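Before any comments, here is the structure.
Computed from a prediction, not measured in an experiment: that's the story for all the values here.
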Amino acid sequence: MDKNPRLHQLVKYGPSAFKQSDYGLADELKNNSVSRIYVSGVSMSNGVLKTARDGADLGFEAMIIEDACADRKLKNFQKTKTDEIPKFGKLIKTREIIEELNKNV
């Protein structure tokens, strides 16, 4: 790992980066005044969903980057997107993040 003190290694042993890892992710984020999380990954219906939901349950605003996610089956991706994520989080696109970052430059 780089010697940058802001970089941390997190080892996940299950789908949720919050509840199934070797690192106190929620505490670390809260200690650094983080209130919003951006989640992406290879399994929208598993790791992405569980990490984002757990983050929302812990008080974070959960943003799921739709075009930076995948799933093994398209139907699982679509069902998670339409039936699950709206209950606790917001779907966004990479383009929206870039536009927001450009506003703050």
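- Taking a cutoff of 4.0 Å between a charged side-chain nitrogen and a carboxylate oxygen, K103 and E100 qualify as a salt bridge.
- Among all heavy-atom pairs drawn from N76 and S45, the shortest one is CB-OG, 3.8 Å.
- Across all non-hydrogen atoms, the minimal contact from D83 to K87 is O-CE, 3.0 Å.
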- Item | side-chain contact (heavy atoms from CB on, under 4.5 Å) between Q20 and K12, intermediate numbers included | CA-CA 6 Å; Q20 296 164 311; K12 272 181 39 176; over 6 Å; no
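- Other residues, nucleotides and ligands contribute only 12 or fewer heavy atoms inside 6.0 Å of the NZ atom of K19.
- Between A52 and A62, the shortest heavy-atom distance links the atoms O-CB, 3.6 Å.
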- Message: For D54 and F88: C-alpha separation, side-chain torsions, deciding distance, then whether side-chain contact (heavy atoms from CB on, under 4.5 Å) applies.
- Response: CA-CA 10 Å; D54 288 345; F88 64 84; over 6 Å; no
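- A heavy-atom distance below 4.5 Å is not found between the side chains of K75 and F77.
- Within a 6.0 Å radius of NZ in K79, other residues, nucleotides and ligands contribute 12 heavy atoms or fewer.
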- Task: Test I97 against Y38 for side-chain contact (heavy atoms from CB on, under 4.5 Å), laying out the working first.
- Result: CA-CA 10 Å; I97 298 169; Y38 293 86; 3.8 Å; yes
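- In this structure, OG1 in T80 is found 10.0 Å from NZ in K50, a value given to the nearest 0.5 Å.
- Considering every non-hydrogen atom in both I64 and M44, the closest pair reads CG2-SD, 3.9 Å.
- Grouping the Ile, Leu, Val, Met, Phe, Trp and Tyr side chains by contacts below 4.5 angstrom, directly or via other members, places I85 apart from V42.
- Taking every heavy atom of both residues into account, Y23 and Q9 meet most closely at CD1-O, 4.1 Å.
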- Item | Derivation of the side-chain contact (heavy atoms from CB on, under 4.5 Å) call for L25 and F60 | CA-CA 12 Å; L25 181 58; F60 296 98; over 6 Å; no
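- The pair K93-D67 fails the salt-bridge criterion, with no side-chain N (NZ, NE, NH1 or NH2) lying under 4.0 Å from an Asp/Glu carboxylate O.
- Under the 4.5 Å side-chain heavy-atom criterion for grouping Ile, Leu, Val, Met, Phe, Trp and Tyr, L91 is connected to I37 within one hydrophobic cluster.
- The side-chain heavy atoms of E61 and K90, taken from C-beta on, include no pair separated by under 4.5 Å.
- Atoms OG1 and CD, on T94 and E99 in that order, are 11.0 Å from each other to the nearest 0.5 Å.
- With contacts defined as side-chain heavy-atom distances shorter than 4.5 Å, the pair I65/I92 qualifies.
- When every heavy atom of D71 is checked against every heavy atom of S43, the shortest pair comes out as OD2-C, 3.8 Å.
- You'll find the side chain of F18 reaches within 4.5 Å of the side chain of L58, heavy atoms only.
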